[in-house]
Chemist: 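This structure is in structure tokens; I'll ask about it shortly.
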Number of protein chains: 2
Amino acid sequence: MKRPKKQRQQALKDSIKENPFVTDEELSNEFDVSVQTIRLDRMELAIPELRERIKHVAVKTFEDEVKSLPIDEVIGEIIDIELDKKALSIFDVKPEHVFQRNKIARGHHLFAQANSLAVAVMNEELALTVKSELQFLRPVTAGQRVVAKAEVIESHPEKNRAFVKVVSSVEQLTVFIGTFEMYRMTEQSEGDTE
Amino acid sequence: MKRPKKQRQQALKDSIKENPFVTDEELSNEFDVSVQTIRLDRMELAIPELRERIKHVAVKTFEDEVKSLPIDEVIGEIIDIELDKKALSIFDVKPEHVFQRNKIARGHHLFAQANSLAVAVMNEELALTVKSELQFLRPVTAGQRVVAKAEVIESHPEKNRAFVKVVSSVEQLTVFIGTFEMYRMTEQSEGDTE
DNA sequence: CTCATATTAGTACCAAGTGCTAATAGCGGG
DNA sequence: CCCGCTATTAGCACTTGGTACTAATATGAG
């Protein structure tokens with residue numbers, strides 16, 4: 001017979017993690033054991049019942065929602081902003097942001113934080129990035145907090161352009177510098193083909 | 001007597017919106033009516049029961065979570081790769097990648113695709129981006145497929161440096177150009193799984 | 001074979017409901 | 001004052017997805 005109580009329990013854990021909305025009965029079909037066995041497994045693994053799992057997820061989002069809504073599409077949390085002048089955001093580097101091998105953050109996360117901030121600092125919400133130059137000066141690793149400071153260094157409202165410089169640092173040490181040429185999409189002006 | 005059926009229902013709506021985790025019984029205390037009245041009210045207002053409300057919130061977050069995860073590893077699907085020479089990937093722009101207002105893809109996704117590809121084309125997996133210059137030539141919208149072509153244009157193995165140029169296009173039309181200066185983290189390459 | 005563990009079955013019970021029927025309250029109009 | 005109407009309340013059966021517990025049965029290892 002299938003001896004794999006351990007395997008089943010591992011698979012069970014994975015399965016529930018992947019889809020917390022699954023009932024014991026569905027699981028019992030999936031693993032071809034009785035519902036009771038699933039229940040025993042859950043007890044041993046200290047996995048709560050469906051409703052508690054769902055509630056947990058819901059509570060989490062509900063709490064997050066308050067935080068994430070105002071900033072919506074921004075990577076990193078905006079701490080301070082002075083429209084058309086400067087802005088500041090922080091981004092905590094977590095394991096999912098880094099290369100597995102050396103724990104160094106992938107460049108596009110730093111870029112995303114800086115670019116989001118550059119977009120946010122513009123007085124228009126519909127700002128697009130036209131050009132940018134980046135320097136990745138020091139590697140950033142998981143667990144570090146990156147503070148990005150954006151500054152509008154040149155503004156040409158008549159041409160719908162502005163230049164934003166973003167400097168990101170970890171504990172006072174500069175890790176990234178980017179300059180962004182931004183385009184303001186006032187009204188429906190399409191085709192920013194440059 | 002309190003005539004306010006309408007007021008109560010309005011208050012009920014607000015109350016549930018503010019805290020979806022409240023049971024009918026709690027509501028019946030809050031409004032000093034019977035549980036049945038609360039139920040009738042919910043029916044009239046088409047407000048689902050507690051569990052369904054919670055589930056709804058949970059599903060919403062869960063989907064968001066899955067969506068926001070893929071900014072993890074390689075962005076875009078690598079179609080063809082010739083190490084140290086060139087590589088090609090495609091990236092389908094989906095609703096979650098664009099600004100809600102004008103459906104234009106956020107810059108960091110294009111960057112992420114290009115940067116990921118630049119990293120991938122390097123013979124080392126532990127390649128870091130040092131500098132880069134980007135041009136966002138045309139807006140890309142949801143539903144479009146971005147094809148990125150990376151080419152190693154200069155290689156200095158002795159200095160552990162290489163320059164990669166990435167050109168991204170949608171239907172033959174160039175939308176993005178980026179040049180990346182990459183740094184090889186050679187070290188002594190260990191077990192190369194992944 | 002025997003013993004422990006694993007699994008299954010079955011029962012009672014719970015929370016938070018739905019769905020339904022029926023009783024009652026309150027009040028306004030004729 | 002009674003009629004009729006809506007609003008409210010009560011009560012019961014049933015549902016989901018469980019918990020808690022007991023008991024029976026497999027199954028495998030020593």
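Reckoned from all heavy atoms, side chains included, excluding hydrogens, waters and symmetry mates. First the proteins, then the strands, lettered A, B, ... as listed; each starts at 1.
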Chemist: Can you pull every protein N or O that's under 3.5 Å from an N or O on nucleotides 24-26 of chain D?
Modeler:
none

Chemist: Could you point out which residue of B:I153, B:V121, B:L134 forms a side chain to side chain contact (heavy atoms under 4.5 Å, CB included) with B:F180?
Modeler: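 Of the listed options, the one satisfying the test is B:L134.
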Chemist: Is there a donor-acceptor contact under 3.5 Å from the side chain of B:E44 to the main chain of B:Q9?
Modeler: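 No, because the side chain of B:E44 does not come within donor-acceptor range (under 3.5 Å) of the backbone of B:Q9.
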Chemist: Output one letter per nucleotide in nucleotides 10-15 of chain D: B when a protein non-hydrogen atom lies under 4.0 Å from the base, S when only the sugar-phosphate is that close, - when neither is.
Modeler: BB----
Chemist: Using ring pair (Phe, Tyr, Trp, His ring centres under 6.0 Å) as the criterion, point out the one residue from A:F111, A:F136, A:F91 that pairs with A:F176.
Modeler: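 With A:F176 as partner, A:F111, A:F136, A:F91 yield a single ring pair (Phe, Tyr, Trp, His ring centres under 6.0 Å), made by A:F136.
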Chemist: Report each atom pair, protein N/O against N/O of nucleotides 21-25 of chain C, whose distance is under 3.5 angstrom.
Modeler:
none

Chemist: Counting only side-chain nitrogens and oxygens, does A:R39 get under 4.0 Å of the OP1 or OP2 atom of D:dA20?
Modeler: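 Negative; the distance criterion is not met.
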Chemist: Shared ILVMFWY cluster between B:V119 and A:L137, side chains joined below 4.5 angstrom?
Modeler: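 Different clusters: B:V119 never reaches A:L137 through Ile, Leu, Val, Met, Phe, Trp or Tyr contacts under 4.5 Å.
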Chemist: Counting side-chain heavy atoms from CB outward, which of D:dT9, C:dT18, D:dT19 is closest to B:L40?
Modeler: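 So the side chain of B:L40 is nearest to D:dT9.
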Chemist: Map B:D41 and A:T23 onto DNA chain D by nearest heavy atom, then report which one ends up closer to the 5' terminus.
Modeler: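 Looking at the nearest nucleotide for each, B:D41 comes out on the 5' side.
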Chemist: Side chain of B:Q144, backbone of B:T141: donor and acceptor closer than 3.5 Å?
Modeler: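 Yes, the answer is positive, given that a donor and an acceptor are paired below the 3.5 Å cut-off.
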Chemist: Any luck finding a side-chain donor-acceptor pair between B:Q10 and B:D14 under 3.5 Å?
Modeler: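 B:Q10 vs B:D14: donor-acceptor pair found between side chains.
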Chemist: Base, sugar-phosphate, or nothing for A:R8, non-hydrogen atoms under 4.0 angstrom?
Modeler: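 Result for A:R8 = sugar-phosphate.
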Chemist: If the threshold is 4.0 Å, N to carboxylate O, is there a salt bridge linking A:R161 and A:E181?
Modeler: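 A:E181 and A:R161: salt-bridged.
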Chemist: I need the CD1-P distance between A:I54 and C:dG17, as an integer number of Å.
Modeler: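 Checked: the CD1 to P distance equals 14 Å.
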Chemist: Quick check for you: to the nearest 0.5 Å, what is the distance between B:I47 atom CD1 and B:S15 atom OG?
Modeler: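 Going from the CD1 atom of B:I47 to the OG atom of B:S15 covers 9.5 Å.
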Chemist: Taking the side chain as every heavy atom from C-beta outward, state whether A:V93 and A:H109 have any atom pair closer than 4.5 Å.
Modeler: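 No - every pair of side-chain heavy atoms lies 4.5 Å or more apart.
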Chemist: Would you kindly give the CE-to-P distance between B:M43 and D:dA7, to the nearest whole Å?
Modeler: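 Computing the B:M43:CE to D:dA7:P distance gives 16 Å.
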Chemist: Using whole Å, report how far NZ of A:K5 lies from P of C:dT8.
Modeler: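 About 12 Å, once rounded to whole Å.
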Chemist: What's the CG-P distance between A:L45 and C:dA6, to the nearest Å?
Modeler: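 Nearest whole value for this atom pair: 13 Å.
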Chemist: What's the shortest heavy-atom distance between A:A162 and A:M122, and which atoms?
Modeler: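 Looks like CB-CE, 3.7 Å.
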Chemist: Can you check the B:K55 NZ to D:dG18 C1' distance for me, whole Å?
Modeler: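 So the NZ-C1' distance, B:K55 to D:dG18, works out to 14 Å.
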Chemist: Does the A:S28 side chain pair with the main chain of A:E25, one donor and one acceptor, at a distance under 3.5 Å?
Modeler: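 Confirmed, A:S28 side chain pairs with A:E25 backbone.
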Chemist: In this structure, how many angstroms lie between the C1' atom of D:dA7 and the CD1 atom of B:I38, rounded?
Modeler: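 From B:I38 CD1 to D:dA7 C1': 13 Å.
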Chemist: Measure CG/A:D24 against C1'/D:dT19 and give the value in whole Å, please.
Modeler: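 Interatomic distance, CG of A:D24 to C1' of D:dT19: 11 Å.
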Chemist: Between B:S169 and B:Q172, is there a donor-acceptor pair closer than 3.5 Å when you use the side chain of the first and the backbone of the second?
Modeler: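 No.
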Chemist: Would you mind reading off the distance between B:E52 atom CD and D:dG17 atom C1', rounded to a whole angstrom?
Modeler: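 Rounded to the whole Å, the gap is 12 Å.
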